[in-house]
Amino acid sequence: MTADGRETRVPFQLIEVDGPSMVPTLNPGDWMLVQHGARVRPGDVVILRHPLQQDLLVVKRAVERRDGGWWVLGDNPYNTGGDSNVYGVVPEDLVLARVRGRFRPLGRFRQEREALGRRQLSLTALVSWTFSAVRPVLADRSLSKRLRAR
């Protein structure tokens, strides 16, 4: 807190993904690098307070700006609910941060390989993880056009 009572906020923060609503962009167990106070544009992945349960933070894609705030959707077509189709437009002040990148932990990569029956981590697998572990989370600028076309 500052001397005048305002909450201070770090510009960047790491947050772990919990839940499948943003698969394939973000998987459960991934870590997101988020930027607080960043300008949000249609197609950006954002962190917001759930409009009906404001102690809960959720990650969604900001599809388009509408009267009263943002229309947000999850990327996973098989995980319905929990987005603007359920709770409507999200007020601007509930959108807290923009997701800039994601990190896929090596431990989770090992668990996925073991589930496929591959116990040992080969050099090829390690190189594959290295190139896929850290990547930016890019905006999907075509999303708002597709939403209007339906």
Side-chain angles (χ1 to χ4, degrees), residues 1-116 125 128-150:
M1 287 263 197
T2 61
D4 61 359
R6 289 181 297 152
E7 183 179 329
T8 58
R9 192 169 280 244
V10 294
F12 289 95
Q13 183 179 9
L14 285 174
I15 299 175
E16 186 176 6
V17 177
D18 179 30
S21 72
M22 290 301 292
V23 169
T25 306
L26 299 166
N27 293 303
D30 284 349
W31 284 84
M32 302 173 288
L33 175 65
V34 302
Q35 181 181 10
H36 294 277
R39 180 175 166 233
V40 176
R41 298 183 327 204
D44 288 342
V45 177
V46 297
I47 302 295
L48 57 114
R49 290 195 186 283
H50 192 290
L52 305 176
Q53 187 179 348
Q54 293 188 10
D55 60 334
L56 177 66
L57 298 179
V58 294
V59 58
K60 300 294 177 201
R61 190 171 298 275
V63 177
E64 68 181 3
R65 190 174 297 223
R66 294 188 177 179
D67 288 340
W70 284 97
W71 188 262
V72 298
L73 298 174
D75 283 359
N76 187 344
Y78 301 106
N79 186 10
T80 58
D83 58 23
S84 287
N85 290 313
V86 173
Y87 45 72
V89 174
V90 176
E92 188 89 32
D93 62 331
L94 296 183
V95 178
L96 305 177
R98 181 174 166 191
V99 178
R100 294 297 192 167
R102 74 112 174 114
F103 171 72
R104 183 179 185 196
L106 181 58
R108 206 186 65 162
F109 179 72
R110 282 188 172 153
Q111 289 173 348
E112 291 169 359
R113 290 186 54 78
E114 287 176 7
L116 296 172
S128 172
W129 169 81
T130 302
F131 284 105
S132 70
V134 178
R135 71 170 188 213
V137 174
L138 302 174
D140 183 351
R141 301 286 180 227
S142 65
L143 202 61
S144 62
K145 292 177 188 158
R146 286 185 287 177
L147 182 69
R148 287 189 193 109
R150 291 185 180 168

> Is the backbone of S21 close enough, under 3.5 Å, to the side chain of K60 for a donor and an acceptor to pair up by distance?
Replying inline: no
> Who passes side-chain hydrogen bond (donor to acceptor under 3.5 Å, both in side chains) against Q35, sequence neighbours left out?
Replying inline: R100
> Listed by chain and number, what are the side-chain hydrogen bond (donor to acceptor under 3.5 Å, both in side chains) partners of D83, not counting sequence neighbours?
Replying inline: N85
> Any side-chain heavy-atom pair from L14 and L33 closer than 4.5 angstrom?
Replying inline: yes
>> Between V99 and I47, is there a side-chain heavy-atom distance shorter than 4.5 Å?
In response: yes
Distance-minimising heavy-atom pair for [X] and [Y]:
X	Y	answer
W71	L73	NE1-CD2, 3.7 Å
V89	D67	CG1-O, 3.9 Å
D75	P77	O-CD, 3.2 Å
P28	G19	CG-O, 3.5 Å
A62	V72	CA-CG1, 4.0 Å
G74	M22	CA-SD, 3.7 Å

>> Could you work out, with ring-ring contact (aromatic ring centres under 6.0 Å, His included) as the rule, every residue matching F12, not counting sequence neighbours?
In response: none
> For the atom pair CG (D93) and CG (L48), what is the distance rounded to the nearest 0.5 Å?
Replying inline: 11.0 Å
> How long is the gap from CG on L57 to CG on D18, to the nearest 0.5 Å?
Replying inline: 11.5 Å
Could you work out, with side chain to side chain contact (heavy atoms under 4.5 Å, CB included) as the rule, every residue matching [X], not counting sequence neighbours?
X	answer
L94	R49, P51, Q54, V90, P91
V17	L26, D30, M32
E92	R65, W70

> Around N79, counting heavy atoms of other residues, nucleotides and ligands shown, do more than 12 lie under 6.0 Å from its CG?
Replying inline: yes
> Would T25 and V137 satisfy side-chain contact (heavy atoms from CB on, under 4.5 Å), going step by step from the backbone distance to the final call?
Replying inline: CA-CA 7 Å; T25 306; V137 174; 3.9 Å; yes
